[in-house]
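Counting convention: from 1, in listed order, for ligands and their atoms alike.
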Amino acid sequence: MKRIILTGDRPTGNLHLGHYVGSLRNRVLLQEEGNYDEMYVFIADTQALTDNFKNPKKVRDNIIEVALDYLSVGIDPEKVTIFIQSMIPELCELTMYYMNLVTLSRLERNPTVKEELKQKDFSNSIPVGFLNYPISQTADITAFEANVIPVGDDQLPMIEQAREIVRSFNNIYGDTLVEPSPLVSSNKFCSRLPGIDGKAKMSKSLGNCIYLKDDSETVKKKVMSMYTDPNHLRVEDPGNTKDNTVFIYLEALVTDEHFKKYLPSYKNLNELKTHYEKGGLGDVIVKRFLYDVIEDTLRPIREKRKYYENNVDLVYNILKDGSKKARTRAINTLNKVKKAMLINYFEGEKDER
Ligand code: ATP
Ligand code: MG
């Protein structure tokens, strides 16, 4: 079976450290391993509009920001097709057909949707478009026949819902669509990185992020303000490393090399944790170390970003070419879907698209 990889991000803000450890880092690894037939990365503007429809400028401005973030972490347009969701109208068409296969109560039960509804200010008037976004996400995935979806664990219910829709479609109309599987980071600290405020998830919408484009000063301020263990009042007090955001970030990012370079009195994270838990290790030392580790990660990303920021036309061309290529692929799947649904009335005639 072909191995087709697809992931997307919403243009609702710049990409952050949570994206990096939860998904972006994996994508670059997959790209470099080269063990795939096709790989797609897309900017989900249609989806972003479902809860930002009153703020189209925000979505538009962030298209280029997310594209710059992609290129600066090392996503290579020679190997990966990068496209903009709304440039592929076939995705809306597929969404329409899949909507018949899902009940309203199933959408309302989707745990990610439920959690996001709590955060948003829809009160009792939930836009249909928002509730519908898991279906539109299924269209994104299936249009490219993608079977490997690198995501953070907040997206697992979405992939589950996509699998249900695929099975239902294939049952009714015959084997047509490919069932996707999520690819979650094997490091449990990476699959849902908390925010700097200690909240369950670093998220653009919650404003608790360290952004990939943040400069050194901003990163320093954010790290120094981070939530640690509220009971670790004096240096000599024993500390908790488990619910401590600073340690969780280290779990997600640190290597033994970092210790050699920046904190040679410890060999590895276990030694540092043991000392903190025993007492006698102050927050400031750990935070300074985390700052060095984050800087080590972000420095090359910032450098690359500078190059693309000075060549924005090149970035727009990458998006334009990628969208064109992706559309051809989506048309191909839509034709299969229409044939299976017996709505391919004039097949064989020249396609006017
Ligand atoms: P928004 O607040 O607009 O929903 P977001 O920060 O949740 O933005 P998305 O664009 O929704 O970002 O997510 C893109 C991808 O990044 C998804 O696969 C998601 O699971 C992953 N991701 C987002 N936040 C985190 C995080 N804190 N830790 C790990 N993965 C994450
Ligand atoms: Mg999200």
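- Of the heavy atoms in Asp9, both backbone and side-chain atoms come closer than 4.0 Å to ligand 1.
- The list of side chain to side chain donor-acceptor pair (under 3.5 Å) pairs with a residue in residues 308-320, not counting sequence neighbours, reads Arg305-Glu309.
- Counting only heavy atoms of the protein, atom 24 (N) of ligand 1 lies nearest to Lys201 NZ, 3.0 Å.
- Each of the following atoms of ligand 1 lies closer than 4.0 Å to a heavy atom of Ser205: 1 (P), 2 (O), 3 (O).
- More than 12 heavy atoms of other residues, nucleotides or ligands shown are found within 6.0 angstrom of NZ on Lys79.
- Under the 4.0 angstrom criterion for non-hydrogen atoms, Cys190 is in contact with ligand 1.
- If you run side-chain contact (heavy atoms from CB on, under 4.5 Å) between Tyr70 and each of Ile43, Asp76, Val315, only Ile43 comes through.
- The protein heavy-atom contact nearest to atom 21 (C) of ligand 1 is Gly152 N, 3.9 Å.
- Here the side chains of Phe144 and Thr81 are not in contact, with every heavy-atom distance at 4.5 Å or above.
- Annotation: Lys120, atom NZ; neighbour count of heavy atoms from other residues, nucleotides and ligands within 6.0 Å is above 12.
- Atoms of ligand 1 lying under 4.0 Å from any heavy atom of Gly22, numbered from 1 in the order shown and given with element: 29 (C), 30 (N).
- If you check which protein heavy atom lies closest to atom 31 (C) of ligand 1, you get Gly18 O, 3.8 Å.
- Proximity annotation for atom 12 (O) of ligand 1: of Arg10, Arg27, His19, His19 comes nearest, heavy atoms only.
- Closest to atom 3 (O) of ligand 1 among all protein heavy atoms lies Thr12 OG1, 2.7 Å.
- Within the 4.5 Å cutoff, side-chain heavy atoms of Val286 are placed close to those of Tyr276.
- Neither the backbone nor the side chain of Ala44 has a heavy atom within less than 4.0 Å of ligand 1.
- Proximity of Arg192 to ligand 1, defined as any heavy-atom pair under 4.0 Å, is confined to the backbone N, CA, C and O atoms.
- Taking 4.0 Å as the cut-off, Cys209 does not count as a neighbour of ligand 1 on heavy-atom distance.
- Of all atoms in ligand 1, listed by their number and element, those nearer than 4.0 Å to a heavy atom of His16 are 6 (O), 24 (N).
- Counting only residues at least two apart or in different chains, side chain to side chain donor-acceptor pair (under 3.5 Å) contacts with residues 136-153 comprise Gln47-Gln137, Gln85-Asp140, Tyr98-Thr142, Gln137-Gln155, Glu145-Arg329, Glu145-Lys336, Asp153-Arg192.
- Using a 4.5 Å heavy-atom cutoff, the side chains of Leu6 and Val41 are not in contact.
- Ligand 1 lies out of reach of Glu116, whose nearest heavy atom is not under 4.0 Å from it.
- Contact annotation: for Asp154 versus ligand 1, heavy atoms closer than 4.0 Å belong to the side chain alone.
- Only one option out of Arg109, Arg167, Arg106 pairs with Glu160 in a salt bridge (Lys or Arg N to Asp or Glu O under 4.0 Å); it is Arg167.
- Between Val219 and the options Leu17, Leu290, Thr297, Ile294, a side-chain contact (heavy atoms from CB on, under 4.5 Å) holds for only Ile294.
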